[in-house]
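When a ligand or atom number is given, it counts from 1 through the structure's own listing order. Nothing here was measured: the structure is a model prediction, and the numbers come from that model.
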Amino acid sequence: MTPAVGAIGVIGAGAVGQTVAATLVASALPGRLLVASRLLDQAHALVADLDDMRQATGSPVRPEACAVAGLADCAAVVVAARASFTNTHASDVRMGGAAANAPVVVALATALRGYAGTVLVVTNPVDLMSRLFAETSGCPRVYGIGSNLDSARYRLTLARLLGVPAAAVDGHVIGEHGEAAVVCASTTTVNGRPVSVPLAEVRAELRTRPGRISHGVGRTRSGPAGAVLSALRKALALDDGIEELSTGHGADWHGIPLRFTSGRPVPCLPGLDADEQAQLTAASTKLRTAYQALRTS
Ligand SMILES: NC(=O)c1ccc[n+]([C@@H]2O[C@H](COP(=O)([O-])OP(=O)(O)OC[C@H]3O[C@@H](n4cnc5c(N)ncnc54)[C@H](O)[C@@H]3O)[C@@H](O)[C@H]2O)c1
């Protein structure tokens, strides 16, 4: 196995960071995997665990612990840090992390000013945190993970509801990675043909699925790690294809489909019917208002 890229960095040695890191070792994507976290001890502990995995599997990926400043030479950096706080939100749960995670993201973005590689932000609320990272750091290639995970869950759910293979379903979830997600039902197809989407059931599954996972196993981690791996492969020019990522779109910042060709993204928003357009406008307004509040607080 010859690694496809030189080095990838992961910031945050928690549930998501651990799973992303293990996925990268198992998939043999980078030659070096640099891990940074709040405490260097955490990074060293995760690296020791990953080293065991590398030895057991014969993976060529070499894990190393480092400070955030040591990530400058990475082809991509995954931001999966989370401040220590108690989330008191019963609904709109991801927004509950905005105030606590913003200073962490600002500090990381400041440390990575001038970084020219790809940054994938996982930290929630991801549409706000990826924008905050991009504007603070000035980094040119910052994307938020979330709408691609929502889209994967959508295709899986619709396939189950319609009794078809998931690979036959083509459709996107855009807007916020959260309560204001927009299911692009009007352009969804199965085997290339339009379908009637059972929207209420789809929305209920998208709303409750992350909570069920967290309730059962503590945190969502494998789904997000898969979404990170898929986005990394597109952004690093290893695969061409569409990835729904949070990015600047006009004056706003939210999830849209990006078509990557040789690592270069071009927005490819599907046609929206009147309801979907109204939902996207509402999502943009919600995120813009929340972002302005965050910047002025
Ligand atoms: N976008 C998505 O699709 C998606 C999916 C799942 C989770 N998330 C989000 O990802 C984030 C991480 O989730 P988790 O379950 O791994 O959290 P976690 O609490 O298990 O881990 C967070 C890690 O961040 C580290 N950290 C804290 N402050 C730091 C700093 N200043 N610098 C570097 N590291 C720091 C902590 O030490 C810890 O290792 C959360 O915000 C979560 O909501 C997003």
Would you be so kind as to tabulate the donor-acceptor pairs closer than 3.5 Å made by side chains of residues 10-28, with sequence neighbours excluded?
from  : atom 1 : to    : atom 2 : distance (Å)
Gln18 : NE2    : Ala13 : O      : 3.0
Thr19 : OG1    : Ala15 : O      : 2.7
Thr23 : OG1    : Thr19 : O      : 2.6
Ser27 : OG     : Thr23 : O      : 2.8
Ser27 : OG     : Leu24 : O      : 3.3

Please report, to 0.1 Å, the donor-acceptor pairs under 3.5 Å made by any side chain of residues 117-128, with sequence neighbours excluded.
from   : atom 1 : to     : atom 2 : distance (Å)
Thr118 : OG1    : Arg141 : NE     : 3.0
Thr118 : OG1    : Arg141 : NH2    : 3.3
Thr123 : OG1    : Ala81  : N      : 3.4
Thr123 : OG1    : Ala81  : O      : 2.6
Asn124 : OD1    : Val126 : N      : 3.2
Asp127 : OD1    : Ser246 : OG     : 2.6
Asp127 : OD2    : His177 : N      : 2.8

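The number of heavy-atom neighbours closer than 6.0 Å to CZ of Arg113, taken from other residues, nucleotides and ligands shown, is above 12.
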Which pairs of N or O atoms, one from ligand 1 and one from the protein, are separated by less than 3.5 Å, and what is the distance for each pair?
from     : atom 1 : to     : atom 2 : distance (Å)
ligand 1 : 1 (N)  : Val122 : O      : 3.1
ligand 1 : 1 (N)  : Ile145 : O      : 2.8
ligand 1 : 3 (O)  : His177 : NE2    : 3.2
ligand 1 : 8 (N)  : Asn124 : ND2    : 3.3
ligand 1 : 15 (O) : Arg219 : NH1    : 2.9
ligand 1 : 16 (O) : Ala15  : N      : 3.1
ligand 1 : 16 (O) : Val16  : N      : 2.8
ligand 1 : 17 (O) : Arg219 : NH1    : 3.1
ligand 1 : 19 (O) : Arg219 : NH1    : 3.1
ligand 1 : 20 (O) : Ala15  : N      : 3.0
ligand 1 : 20 (O) : Arg219 : NH1    : 2.8
ligand 1 : 24 (O) : Arg82  : N      : 3.1
ligand 1 : 34 (N) : Arg38  : N      : 3.1
ligand 1 : 37 (O) : Gln42  : OE1    : 3.0
ligand 1 : 37 (O) : Gln42  : NE2    : 3.1
ligand 1 : 39 (O) : Ala13  : N      : 3.1
ligand 1 : 39 (O) : Gly14  : N      : 3.1
ligand 1 : 39 (O) : Ser37  : OG     : 3.4
ligand 1 : 41 (O) : Asn124 : N      : 3.1
ligand 1 : 43 (O) : Asn124 : ND2    : 3.0

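In summary, Glu244 and Arg155 engage in a salt bridge, as defined by a charged side-chain N under 4.0 Å from a carboxylate O.
Among residue pairs with one or both ends in residues 162-185, those qualifying as salt bridge (Lys or Arg N to Asp or Glu O under 4.0 Å) are Glu176-Lys286; sequence neighbours excluded.
Counted by atom type alone, Thr208 and Arg212 present one or more donor-acceptor pairs between their side chains at under 3.5 Å.
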